[in-house]
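Down below is the structure, laid out as structure tokens.
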Amino acid sequence: GAGVSQSPSNKVTEKGKDVELRCDPISGHTALYWYRQSLGQGLEFLIYFQGNSAPDKSGLPSDRFSAERTGGSVSTLTIQRTQQEDSAVYLCASSLAGQGNYGYTFGSGTRLTVV
Amino acid sequence: AQTVTQSQPEMSVQEAETVTLSCTYDTSENNYYLFWYKQPPSRQMILVIRQEAYKQQNATENRFSVNFQKAAKSFSLKISDSQLGDTAMYFCAFMKQGTYKYIFGTGTRLKVLA
């Protein structure tokens, strides 16, 4: 697509429920990144995909968080058994392979609220 | 480990005036990139300007320019002729050469006043 598309835009969920956040990167961008933006922690790296592989998952905060990418395109970030501290904006971004140092293209994020 | 510090949580400027946002960073690396991103209420992070550490010349993009002082590890953003559409959060970010991961500062909320 023309830009990075994220859905849903906003999500309210009950504590303990599972949620899935979706990211559709720019067509042809093989590198995909997830970041979390929360009030207490600022912007934190979560995971990096190159194609369908995730060579760096070092930012995932716990084993309740997982992500996958299929067809070298759409990525899904799944949070199981959500907790209130998971409330944040989850931002996805993409770039051409090896071109992250020219800047990413970000989506508008998913605001997750856990009640 | 690298750190990025933005010491001004909030700033305001009158329309058409000039404003400078501060950013300092700490690294032992010699080769890296620095960025300023803008985040308006739409939440989408938009790249404003980028600087390669090996270049002494300061980057400019229309009304946006940086003052890059490598020895001082300082990377400030100057916005000239401020416009109402410049109202946003501004994040300074560091990326080590050969990597793909940003280290972000905590942001400066800029409000442009009519």
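All values derive from a computational prediction rather than experimental measurement. A, B, ... follow the sequence lines: proteins, then strands. Residue 1 opens every chain.
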- Report yes or no: do A:D86 and A:Q84 form a side-chain donor-acceptor pair below 3.5 Å? no
- Could you tell me which non-hydrogen atom of B:S82 sits nearest to which non-hydrogen atom of B:V13, and how far apart they are? OG-CG1, 3.7 Å
- Considering heavy atoms only, which positions within residues 107-114 of chain B lie below 4.5 Å of chain A? none
- Item | Pair A:E20 + A:R22: basic N to acidic O under 4.0 Å | no
- Of the non-hydrogen atoms in B:I49 and B:S65, which two are nearest, and what is the gap between them? CD1-CA, 4.0 Å
- A:A88 versus A:R36, closest heavy-atom pair with distance: CB-CG, 3.6 Å
- Item | Contacting moiety of B:M45, where chain A heavy atoms sit under 4.5 Å | both
- Message: Can you confirm whether A:W34 sits close enough to A:L32 that some side-chain heavy atom of one is under 4.5 Å from a side-chain heavy atom of the other?
- Response: yes
- Do other residues, nucleotides or ligands put more than 12 heavy atoms under 6.0 Å from A:L39 CG? no
Donor-acceptor pairs under 3.5 Å, side chain of residues 104-115 of chain A to any protein atom, not counting sequence neighbours: which ones?
from	atom 1	to	atom 2	distance (Å)
A:Y104	OH	A:Y35	OH	3.1
A:Y104	OH	B:Y100	O	2.1
A:T110	OG1	A:P8	O	2.6

- Item | Any donor-acceptor N/O pair, B:Q69 side chain to B:K73 backbone, under 3.5 Å | no
- Heavy-atom nearest pair, B:L47 first then A:G103, reads CD2-CA, 4.2 Å
- Contact origin within A:S9 toward chain B - heavy atom pairs under 4.5 Å: both
- Task: Side chain from CB out, backbone as N, CA, C, O: work out which of these in A:L91 comes under 4.5 Å of a heavy atom of chain B, or both, or neither.
- Result: side chain
- Item | Donor-acceptor under 3.5 Å (A:D24 side chain, A:S5 main chain) | no
- Item | Test item: A:Q80 side-chain N/O and A:D18 main-chain N/O as donor-acceptor pair under 3.5 Å | no
- So, does B:R63 use its side chain to make a donor-acceptor pair with the main chain of B:I79 at under 3.5 Å? no
- Item | Positions in residues 44-72 of chain A that reach chain B, provided some heavy atom is under 4.5 Å away | A:F45, A:Y48, A:D56, A:S58
- Query: So, for B:L77 and B:V48, which heavy atoms are closest and what is the spacing to 0.1 Å?
  - Reply: CD1-CG1, 4.4 Å
- Within residues 20-36 of chain B, the residues sitting under 4.5 Å from chain A by heavy atom, in sequence order, are B:Y33, B:F35
- Answer key: most heavy-atom pairs under 4.5 Å with chain A among B:F91, B:F104, B:Y102, B:Y37 is B:Y102
- Message: Under a 4.5 Å cutoff for heavy-atom pairs, which residue among B:M95, B:E52, B:K96, B:Q97 has the most contacts with chain A?
- Response: B:M95
- Sub-3.5 Å donor-acceptor pair from the side chain of A:Q6 to the main-chain atoms of A:C92, do we have one? yes
